[in-house]
Amino acid sequence: MSLVIYNTQTRQKETFTPIEPGTVKMYCCGVTVYDHCHLGHARSYITWDTARRYLIWRGYDVQYVQNFTDIDDKILNRAIAEDCTMAEVSETYIASYFEDLRRLNVKDADDYPRVTDHIPQICDLIQTLIDRDLAYASGGDVYYAVQKFPGYGKLSGRSEDQMQSGASGRVDAGSGEPKKRHPFDFALWKAAKPGEPFWESPWGQGRPGWHIECSAMIRSRLGDSIDIHGGGGDLVFPHHENEIAQSEGATGKPLATYWAHNGMVRVNGEKMSKSLGNFTTIRDLLETVEPMVIRLFILQAQYRKPLDFTDEAIASATSGWQTFNDGLTFGDRFGATLGWALDASATVEPLPEVVDKFQTAMDDDFNSSAALAILFELAKDLRRAGNLLVHGEALTTPVDELRHQWTTLVELAGVLGLVATSTTATAGDEGLTDAAIEALIAQRQQARADRNFAESDRIRDELKAQGITLIDKPDGTVFVRD
RNA sequence: GGGAACAUGGCCAAGUGGUAAGGCAGAGGAUUGCAAAUCCUUUACCCCCGGUUCGAAUCCGGGUGUUCCCUCCA
């Protein structure tokens, strides 16, 4: 069995073969740090975090790099608006990024290069492009001469005349940028306007254009060619197309073997985006939704397809997560009862046929939706077993089998970054003690014996309101906390 | 106008030639004083029209619809 990945450049799934056997160099375009991350960012980084986790689980040595773009007009505008420096804006939102994405159990990248730390590398790369006659300086700016790069358009699947004919007047209106020789040329370096922050360069004081930083940082941190380049689908053109032009123009080598792009999050049928203003930030969402619910919501869809963000979808994921989490916590809740030596659980082997099915699913372009279907079957089995135990009924699955199921579920869910939500609603936090609950149960039993069902239901509702569910069994009543 | 994709049950969503995974919601039954708790059972000819094939949700052609990109964007 081998892993296949959908390659945007060829528009088909391809067998994954790393440049260097056993090693995967992976880069994902990070955020421009001028605001809090929204659900669209969450989808992107959860998607590539999951791909990364899977590759590691598959035995690859993965080097995962994700940048912070900390030089940009929007950061500058925000700095002006808030009367502070670009660096202060960047620091604020980099901290915000970590806070939010870590809560979603997105593993830290191996490296988080920043544009401000790579000005020399950027200048070197620009100089190389000028030397190769692929770029030209013009009035303090430097532009990439798109027509000089033969492969331009190969990623996004468009040719120059198509872009020309399709530009619908926008491009040749061109009065705005007289320094360009050709309308499609894009800036590698932009001269600083008076009062703007700048860095010194051979072309004068200025700052890098939008696309060049990724080319420079990939080269600096991972080398000329990497295995997987990921990012949001909205970056295919022009950002990634331009990265290819810059990097391959300079090195003559392929920048990435596989170009992988995640689909957009939609709201009411429209893309969630900052410019449309229809975004929900991760931190706002986390006010009311558990992190793992968001992760499950995202992973239940195939990563390349659009994903609609609706209240109903979140509610569905919330219920789904309860089931899933019941499975994940099974061993913690019942292992001792069942006589498992939990500290020795590492010796329990995952079920090979389940592992096999999981791998087959994930090998097919990280099909987390199909993989989850397999895990849900385990989770449901375990949940049922747990319910049977709580209700004092006989198990229908051998205890040893349950233990293997649980081990398998925990391991494979972990590959998807799904981890049990701790059930630390321990007695006495603020709620009732076990003894107090037992006393109420006794009261209710008496009421039931007296056929005073109004009173008995009142007690039941009162406990329910505090997250305690009563379960009537033939030989008495027990309770469980949510 | 140009480029790229997608279209599966009430909702979400797998499945890329051999009689439709999974989640959510719903229904029926069991249990119960009742029950939102629990257990069991259960719900699809895959946008439309042609074509290829012994056989297609799956391949091809033509429609229709939706989205993304072409401007900052995960």
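Each chain gets a letter, A, B and so on, in the order its sequence line appears, and its residues count up from 1. For clarity, every value in this text was computed on a predicted model and none was experimentally measured.
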Which donor-acceptor pairs under 3.5 Å do side chains of residues 374-382 of chain A form with protein atoms, sequence neighbours excluded?
unit_1, atom_1, unit_2, atom_2, d
A:D381, OD1, A:R384, NH2, 3.3
A:D381, OD2, A:Q405, NE2, 3.3

- With both distances kept under 3.5 Å, what pairs with B:rU53, Watson-Crick or G-U wobble? none
- Message: Please encode protein proximity along nucleotides 25-32 of chain B as a string of B, S and -, counting only heavy-atom distances under 4.0 Å.
- Response: S-------
- Length of the line joining A:D365:CG and B:rA5:C1', which is rounded to integer Å: 14 Å
- Within the structure shown, what part of the strands sits under 4.0 Å from A:A313 by heavy-atom distance: base, sugar-phosphate, or nothing? nothing
- Message: If you take any heavy atom closer than 4.0 Å to RNA chain B, which residues from residues 90-107 of chain A end up in contact?
- Response: none
- Task: Kindly say whether the aromatic ring centers of A:F98 and A:F68 come within a distance under 6.0 Å.
- Result: yes
Between the protein and nucleotides 7-10 of chain B, which nitrogen or oxygen pairs come in under 3.5 angstrom?
unit_1, atom_1, unit_2, atom_2, d
B:rA7, OP1, A:K305, NZ, 3.2

- Message: Measuring to OP1 and OP2 of B:rA74, would you say a side-chain N or O of A:T47 lies under 4.0 angstrom away?
- Response: no
- Item | Partner set under side-chain hydrogen bond (donor to acceptor under 3.5 Å, both in side chains) for A:S215, not counting sequence neighbours | A:Q246, A:S247
- Query: Which nucleotide, in any strand shown, forms a Watson-Crick or G-U wobble pair with B:rG33, with both distances under 3.5 Å?
  - Reply: none
- Message: Any side-chain N or O of A:N387 below 4.0 angstrom from OP1/OP2 of B:rA37?
- Response: no
- Base B:rC68 to side chain A:R304, donor-acceptor N/O within 3.5 Å cut-off: no
- Report the distance from atom CD of A:E270 to atom P of B:rU66, rounded to the nearest whole Å. 13 Å
- Message: Looking at B:rG33 and A:F453: do their rings stack (centroid distance under 5.5 Å, interplanar angle under 30°)?
- Response: yes
- Residue among A:F366, A:Y27, A:Y64, A:Y303 satisfying ring pair (Phe, Tyr, Trp, His ring centres under 6.0 Å) with A:W48: A:Y303
- Item | Base B:rG15 paired with A:N367 side chain (donor-acceptor, <3.5 Å) | no
- Task: For A:E196, check side chain to side chain contact (heavy atoms under 4.5 Å, CB included) against everything at least two apart and list the hits.
- Result: A:L76, A:A192, A:K193, A:R207
Strictly under 3.5 Å: I want the nitrogen or oxygen pairs between protein and nucleotides 59-61 of chain B, one per line.
none

- Message: Tell me the interatomic distance from A:L463, atom CG, to B:rA36, atom P, rounded to whole angstroms.
- Response: 18 Å
- Query: With both distances under 3.5 Å as the test, what is the Watson-Crick or G-U wobble partner of B:rU66?
  - Reply: B:rA5
- Item | For A:W259, ring pair (Phe, Tyr, Trp, His ring centres under 6.0 Å) partners two or more places apart | A:H229, A:H240
- Item | Listed partners of A:H38 passing ring pair (Phe, Tyr, Trp, His ring centres under 6.0 Å), at least two apart | A:H41, A:F279
- Message: According to salt bridge (charged side-chain N to carboxylate O under 4.0 Å, His left out), does anything in residues 231-245 of chain A pair up with another residue at least two apart or in another chain? List the pairs.
- Response: A:D234-A:K271
- Task: Would you mind listing every salt bridge (charged side-chain N to carboxylate O under 4.0 Å, His left out) that reaches into residues 27-44 of chain A, with sequence neighbours excluded?
- Result: A:D35-A:R78
- Between A:Y6 and B:rA5, does any side-chain N or O lie under 4.0 Å from OP1 or OP2? yes
- Item | side-chain hydrogen bond (donor to acceptor under 3.5 Å, both in side chains) partners of A:K464, counting only residues at least two apart | A:T469
- Query: Over how many whole Å does the gap from A:H211 atom NE2 to B:rA74 atom P extend?
  - Reply: 13 Å
- Base B:rA13 to side chain A:D308, donor-acceptor N/O within 3.5 Å cut-off: no
- Message: Counting the atoms with a prime plus P, OP1 and OP2 as sugar-phosphate, which does A:R11 contact under 4.0 Å by heavy atoms, base, sugar-phosphate, or nothing?
- Response: sugar-phosphate
- Could you tell me whether the phosphate oxygens of B:rU38, OP1 or OP2, come under 4.0 Å of any side-chain nitrogen or oxygen in A:H391? no
- To the nearest Å, how far apart are A:L372 CG and B:rC24 C1'? 14 Å
- Query: So what's B:rC72 paired with, Watson-Crick or G-U wobble, going by both distances under 3.5 Å?
  - Reply: none
